[in-house]
> 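Encoded as structure tokens, here's the structure I'll be asking about.
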Amino acid sequence: HVQLVESGGGSVQAGGSLRLSCVVSGFTYRTYCMSWFRQDPGKEREGVAALGSDGSTAYVDSVKGRFTAPKDNGKTILYLEMVSLKPEDTATYYCAVRPTGGYCFWPLRVVDFPYWGQGTQVTVS
């Protein structure tokens, strides 16, 4: 019923930029936390960015100042705008959403999010 579809990944050189998109459908809660996670093989999935329906935002320290997670006015697409990409940003990026009181708890926890996309690969060399 709830569908999340990521797109926009690719291979870029260090210092480059990418814009990821997460199209959300079937999610009817008025208040929520929408988030981006990333995961490299053999490593734990890491919360990267969060946007609450109350307008609050949070980012992991390693991406602050480089990543931004805006949402469209229709509240159907969550973006992850990434600039000044580094090799350590290489990972599969996942979009996730959960109903909340309108804010996101930090740090993000995988177990808190019931709805996930399939991921999109970002490779920085």
> Determine yes or no for a side-chain-to-main-chain donor-acceptor pair under 3.5 angstrom, with R66 supplying the side chain and S62 the backbone.
yes
> Could you give me the CA-CA distance, side-chain angles and deciding distance for V2 and L4, then say whether side-chain contact (heavy atoms from CB on, under 4.5 Å) is met?
CA-CA 7 Å; V2 178; L4 290 80; 3.7 Å; yes
> Taking the six-membered ring of Y94 as reference, does the cationic atom of R38 (NZ for Lys, CZ for Arg) lie under 6.0 Å from its centre and within 45° of its axis?
no
> Under the side-chain contact (heavy atoms from CB on, under 4.5 Å) criterion, do E46 and V60 qualify, and how do the steps go?
CA-CA 9 Å; E46 173 190 37; V60 68; 3.7 Å; yes
> Nearest 0.5 angstrom please: Y59 OH to L80 CG, how far?
8.0 Å
> Answer with yes or no after comparing the ring centroid distance for F37 and W116 against a 6.0 Å cut-off, counting only values under it.
yes
> Under a 4.0 Å N-O cut-off, is there an ion pair linking K86 with D89?
no
> Which atom pairs, one a donor and one an acceptor, fall under 3.5 Å between side chains of residues 7-28 and the rest of the protein, sequence neighbours left out?
none

> Closer than 3.5 angstrom, by distance alone: can the side chain of E6 be matched with the main-chain N or O of T120 as a donor-acceptor pair?
no
> Given side chains that start at C-beta, do those of M82 and Y93 come closer than 4.5 Å, heavy atoms only?
yes
> Can you tell me if T92 and Q39 form a side-chain donor-acceptor pair at under 3.5 Å?
no
> Going from NZ on K71 to OG1 on T57, what distance comes out if it is rounded to the nearest 0.5 angstrom?
14.0 Å
> Between V97 and Y29, is there a side-chain heavy-atom distance shorter than 4.5 Å?
no
> Kindly determine whether Y103 and F105 satisfy ring pair (Phe, Tyr, Trp, His ring centres under 6.0 Å), including the steps that lead there.
CA-CA 7 Å; Y103 44 80; F105 295 98; 5.1 Å; yes
> Start with the C-alpha distance between C104 and Y32, add both sets of side-chain angles, then the distance that settles side-chain contact (heavy atoms from CB on, under 4.5 Å), and finish with yes or no.
CA-CA 8 Å; C104 295; Y32 51 81; over 6 Å; no
> Main chain of Y79, side chain of W36: is a donor-acceptor contact present, judged purely on distance under 3.5 Å?
yes
> Please report the interatomic distance CD(E88) to CG(D40), rounded to the nearest 0.5 Å.
10.5 Å
> Restricting to side-chain contact (heavy atoms from CB on, under 4.5 Å), what partner residues turn up for P107, sequence neighbours left out?
none
> Determine, for D112 against R109, whether the closest basic-nitrogen to carboxylate-oxygen distance falls under 4.0 angstrom.
yes
